[in-house]
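Here is the structure we will look at.
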Amino acid sequence: MSLAGRLPPVADPVVHLRGVTKTYRIGREIEVHALQGVDLDIYPTEFVAIMGPSGSGKSTLMNILGCLDAPDGGTYSLAGEDVAKLGDDALAAIRNKHVGFVFQTFNLLPRLNAIENVELPLVYGGDRRQRRERAVGALEAVGLGDRVHHKPSELSGGQQQRVAIARALLNDPAMILADEPTGNLDSRSSAEILAIFQRLNAMGKTVIMVTHEPDVAAHCRRIVRMRDGVVAHDERVASPRNAQDEIAAGIGAGDE
Amino acid sequence: MKLYDSFRSALQSLVVNKLRSALTMLGVIIGVASVIAMVAVGNGASAQVQATILSLGSNLITVSPQFATDQTLRAAGSQAQSLTEADMRSIESQLAGSIKAIEAEQGAGRWQVTAAGTNWNTNVQGVTEEYPAVRDWNLQAGEFFTESEITINAQVAVLGASTATSLFGDADAVGQTIQLRQVFGGGGGANAQRARIINFKVIGVLEPKGTTFGFSRDDQILVPLTTAQKILTGQRDRVNAIVVKALDSDSMATTSDDVFNILLVRHKISDPASADFTVTNQNDTLAALNQVTGTLTLLLGAIGGISLLVGGIGIMNIMLVTVNERTREIGIRKAVGARRRDILAQFLIESVALTGLGGALGILLGWSITQVVERVAAQQNLVLLVTAGTVIVAVGVSVGIGIVFGLYPAMRAARLHPIQALRYE
């Protein structure tokens with residue numbers, strides 16, 4: 001099932017996993033082998049969906065890809081840096097530099113306005129110069145140039161998610177990691193979010209999206225299916241659906 | 001994470017929970033205020049005691065007669081007071097130049113005083129000519145009696161300020177005559193009484209000095225020592241006290257040793273332990289009193305400290321709640337790159353801001369309390385001292401409490417695992 005031969009001849013992979021394992025312990029007795037030897041390469045400018053039923057290990061894979069957790073075994077290099085053995089603070093620095101998170105529940109800080117939320121990665125690292133201007137620029141890029149001083153509670157779900165995407169973009173990370181980004185949105189907003197991802201991808205951003213909805217995954221250019229802690233299926237999408245066209249046609253993504 | 005961001009974030013979260021922040025701060029405010037006020041009371045009491053002692057005259061060495069304590073060695077008849085004016089004159093001549101002033105006193109008891117139709121009852125004391133110099137007590141009118149007036153048992157008197165007012169009102173007392181009268185055989189009916197009346201000419205009035213330990217010092221009449229001895233009391237050649245004013249505080253120890261030795265020789269006593277007098281150094285008295293008031297201050301400070309401790313526990317409690325409530329925020333911050341020390345700093349700064357601000361307000365409140373207490377207790381002349389030291393310690397302690405009681409909650413926050421924190425509902 002290797003895709004190596006069919007991938008475009010790009011340089012080094014952004015994500016390079018070999019034999020990655022992760023075991024959780026629930027209580028004293030039960031061990032959950034969430035990942036049982038995952039091999040995965042993701043190259044720059046890819047738009048990948050990671051799918052799988054619950055318990056397949058896709059959430060664990062997501063956490064490890066995002067450096068929120070360290071693998072028990074195997075190797076993981078992210079943007080050329082070996083991150084498998086790093087401690088908490090070093091992982092925090094990697095997340096700050098290389099990973100832009102987009103979550104299902106948006107995860108914005110309710111007390112901060114849009115600009116302050118978007119600025120957050122720059123508070124903890126990166127180039128701090130002109131951070132306000134950059135935050136405003138990122139918000140304009142996701143179409144929220146007129147909402148920069150709004151608090152999350154004053155924004156719709158789709159708008160909140162766009163703020164989260166602007167935040168993910170701010171440190172110019174190696175990849176955007178989206179965990180069910182449309183899970184809490186109506187179909188119209190979902191289509192808008194997917195359109196933003198497709199546009200960013202077209203501009204050269206690497207986007208990895210965990211989803212369980214085939215309709216959402218159909219917008220990606222590659223689908224990785226997890227089952228029982230390993231990559232069970234890895235395929236390119238011949239002709240990904242275009243979210244912008246669907247919006248124009250008045251059809252929300254994910255409409256059954 | 002820049003310090004500026006930490007402070008902004010800390011202040012923001014304090015402002016969001018205004019009521020909670022205010023209530024938590026109240027604990028620290030009350031704690032700091034009570035430390036400030038309590039220590040101020042202690043310091044004030046200490047200063048007042050010191051001022052009172054020094055108002056009796058500074059750098060004083062007092063010699064008092066002492067009854068023999070060993071009853072088997074001395075018969076009852078020899079327990080008489082042993083100090084004389086000659087003792088005083090001897091010290092005066094031997095230590096001339098190395099002391100500032102010296103005087104001897106004999107209390108003459110309370111007398112009925114009449115003048116110009118008014119009647120008064122007050123204390124009369126026989127003293128020698130250097131009394132004003134020893135007691136740092138100037139005259140507001142007239143003059144004090146001289147050594148020659150002592151020699152001739154002159155019937156002259158110097159009045160305390162309030163005595164003069166009681167007897168003469170606003171009129172000038174100097175030059176007036178007063179009568180001291182003593183009534184004998186009282187209790188057997190008016191006809192059984194006989195009165196002794198002695199005339200005195202008022203030659204001076206002392207400046208007012210206020211009260212000492214609740215007693216007015218301005219209600220008294222001073223007469224020459226010899227006049228008191230020979231005319232008023234009949235106790236010739238006995239004095240109740242010899243008071244020496246040393247040159248300065250440093251020379252007091254040497255001077256009191258000299259006085260002691262001169263009197264030992266004059267009284268022909270070889271064993272210092274059986275001396276028939278005692279020499280009291282004002283410095284020793286001050287030191288003893290300072291120890292007492294120091295302990296008092298410490299005790300009051302400790303009471304305030306306990307409320308500060310309770311305030312600190314309140315801080316810890318609320319910080320634990322805050323960390324719990326903001327678990328998700330901590331997860332988000334960690335996801336975008338906050339390291340442990342960033343989270344630790346954020347929550348520590350929050351608790352220090354809480355206690356620091358509380359401390360500052362506490363100082364204001366404590367100071368206001370001292371102002372109110374001073375107004376209310378104005379008659380006690382109690383001045384409450386809020387010293388720079390107290391303020392610095394109070395601020396330091398409240399910031400310290402923020403760190404100590406904020407550290408555990410902040411560490412709990414810093415140690416949260418990002419995944420668990422993000423999943424927290």
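Values below: all heavy atoms of this structure, side chains included; hydrogens, waters and symmetry mates excluded.
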Counting neighbours of [atom1] on [X] that are heavy atoms of other residues, nucleotides or ligands and sit closer than 6.0 Å, is the number greater than 12?
X	atom1	answer
A:D228	CG	no
B:R415	CZ	no
B:Y408	OH	no
B:Q291	CD	no

Looking at B:Q12, is its backbone amide N or carbonyl O close enough to the side chain of A:R111 to form a donor-acceptor pair, meaning the two atoms are under 3.5 Å apart?
no
Non-hydrogen atoms of chain A under 4.5 Å away: do they reach the side chain of B:R423, the backbone, both or neither?
side chain
Can you tell me how far apart [atom1] ([X]) and [atom2] ([Y]) are? Round to the nearest 0.5 Å.
X	Y	atom1	atom2	value
A:D69	B:I419	CG	CD1	4.0 Å
B:H417	A:N63	NE2	CG	8.0 Å
B:E329	A:L108	CD	CG	12.0 Å

For side-chain contact (heavy atoms from CB on, under 4.5 Å), just list the numbers for B:R341 and A:D89, CA-CA rounded to whole Å, side-chain angles, deciding distance to a tenth of an Å, and then say yes or no.
CA-CA 9 Å; B:R341 62 170 175 274; A:D89 282 353; 4.2 Å; yes
Checking side-chain polar atoms at under 3.5 Å, does B:R333 have a donor or acceptor matched by the opposite partner on A:Y124?
yes
Side chain, backbone, both or neither: which part of A:L112 has a heavy atom under 4.5 Å from chain B?
side chain
Check the pair B:V336, A:V123 against side-chain contact (heavy atoms from CB on, under 4.5 Å), reporting the backbone distance first and the verdict last.
CA-CA 9 Å; B:V336 301; A:V123 167; over 6 Å; no
What are the two closest heavy atoms between [X] and [Y], and how far apart are they?
X	Y	answer
B:G337	A:N96	CA-CB, 3.7 Å
A:F103	B:A335	CZ-CB, 4.1 Å
B:I332	A:N107	CD1-O, 3.2 Å

Under a 4.0 Å threshold between the charged nitrogen and the carboxylate oxygen, would B:R340 count as salt-bridged to A:D88?
yes
If you count heavy-atom pairs under 4.5 Å with chain B, which of A:A168, A:A92, A:G100 comes out on top?
A:A92
Could you tell me if the side chain of B:P418 sits less than 4.5 Å from the side chain of A:R95, heavy atoms only?
yes
